[in-house]
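Structure first, commentary second.
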Amino acid sequence: MNIEPDFKKHLDKKLARRMRILTIILCVMTGVLAYNMYISHISLLLVFLGVALGCTLGFFAGRMFLIKWSEEDSKIIGNIDLLGGIVLVLYVAVSIARSWIFAHWFKGVILTSFTFSFIEGAMIGRLLSMRFNIKKILSEQGKD
């Protein structure tokens, strides 16, 4: 995720670090997924389906962190609220059970590749959700 330099001065350090870590993990996961696609010969349709399902979950899981404008710091901050905590618990539960859920349809290395595509999609969805919320807040604050 490329955060424009203008955005950086308005982001809390913890939130910026969280986004950087997700981006780094996403890059590593892309390599792992590419390798798994190569060894498993999974169809691109299944990979795109996994990414799409993961993106959907990740976009809603982006709600884990309440991203808002802090008047005290004049920065965008991210905290977990009660609803975010509930979403986090559900997100972790789905993440833990994903292999079991997908094992109903896929087996072996195809299951592994599909699971990796799902994880990658979830991370993309989370990053897109965070970015969308940041842009919305900056726009509301007249900082865009």
Side-chain angles (χ1 to χ4, degrees), residues 1-40 42-106 110-144:
M1 159 153 269
N2 183 17
I3 300 174
E4 291 84 357
D6 207 29
F7 278 37
K8 286 184 181 181
K9 66 181 178 186
H10 298 295
L11 286 181
D12 179 56
K13 288 180 183 174
K14 288 181 184 178
L15 182 59
R17 187 176 336 117
R18 187 178 301 135
M19 292 180 77
R20 261 187 249 109
I21 289 170
L22 277 174
T23 302
I24 291 167
I25 293 170
L26 180 62
C27 291
V28 170
M29 286 299 299
T30 300
V32 171
L33 177 60
Y35 175 74
N36 272 284
M37 287 171 59
Y38 175 74
I39 64 168
S40 70
I42 188 172
S43 79
L44 285 178
L45 180 63
L46 285 177
V47 171
F48 288 130
L49 177 64
V51 170
L53 287 171
C55 268
T56 303
L57 175 69
F59 194 79
F60 289 111
R63 178 62 185 90
M64 284 188 274
F65 297 99
L66 178 64
I67 297 176
K68 62 185 177 182
W69 182 259
S70 169
E71 291 294 335
E72 295 172 7
D73 302 326
S74 294
K75 293 200 181 274
I76 297 174
I77 59 171
N79 296 320
I80 294 182
D81 61 350
L82 178 61
L83 182 58
I86 293 169
V87 171
L88 177 62
V89 168
L90 292 174
Y91 179 74
V92 169
V94 169
S95 294
I96 290 171
R98 69 181 174 265
S99 291
W100 175 79
I101 293 168
F102 298 141
H104 290 78
W105 296 283
F106 308 112
I110 299 291
L111 173 62
T112 302
S113 296
F114 186 82
T115 301
F116 280 132
S117 66
F118 177 79
I119 294 167
E120 184 159 338
M123 296 171 84
I124 291 169
R126 283 186 61 199
L127 283 170
L128 289 175
S129 175
M130 292 170 80
R131 185 172 177 85
F132 174 79
N133 287 330
I134 289 168
K135 282 188 166 200
K136 180 180 164 192
I137 290 168
L138 287 176
S139 179
E140 289 171 357
Q141 294 297 320
K143 307 280 188 199
D144 53 355

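- Taking CD1 of Ile124 as the start and OG1 of Thr23 as the end, the distance is 10.5 Å to the nearest 0.5 Å.
- For Ser43, the side chain to side chain donor-acceptor pair (under 3.5 Å) test picks out no residue, with sequence neighbours left out.
- Shown here are the side-chain contact (heavy atoms from CB on, under 4.5 Å) partners of Ile119, two or more places apart in sequence or in another chain: Met29, Arg98, Thr115, Phe116, Met123.
- Within the 3.5 Å criterion, the main-chain N or O of Lys136 finds no donor-acceptor partner in the side chain of Ser139.
- Checked by atom type and distance alone, the side chain of Ser129 never pairs as donor or acceptor with a backbone atom of Gly125 at under 3.5 Å.
- Remark: Leu53 CG to Ser117 OG distance equals 8.5 Å, nearest 0.5 Å.
- Distance CG/Asn36 to CG/Leu111: 10.5 Å, rounded to 0.5 Å.
- The structure places CD1 of Ile137 at 10.5 Å from CZ of Phe132, a figure rounded to the nearest 0.5 Å.
- Ser113 meets the side chain to side chain donor-acceptor pair (under 3.5 Å) test with Ser40; sequence neighbours excluded.
- Taking CZ from Arg126 and SG from Cys55, the interatomic distance works out to 12.5 Å, rounded to the nearest 0.5 Å.
- Interatomic distance, CG of Leu26 versus CG of Leu22, reported as 8.0 Å (0.5 Å rounding).
- In terms of heavy atoms, Phe114 sits closest to Ile42 at N-CD1, 3.8 Å.
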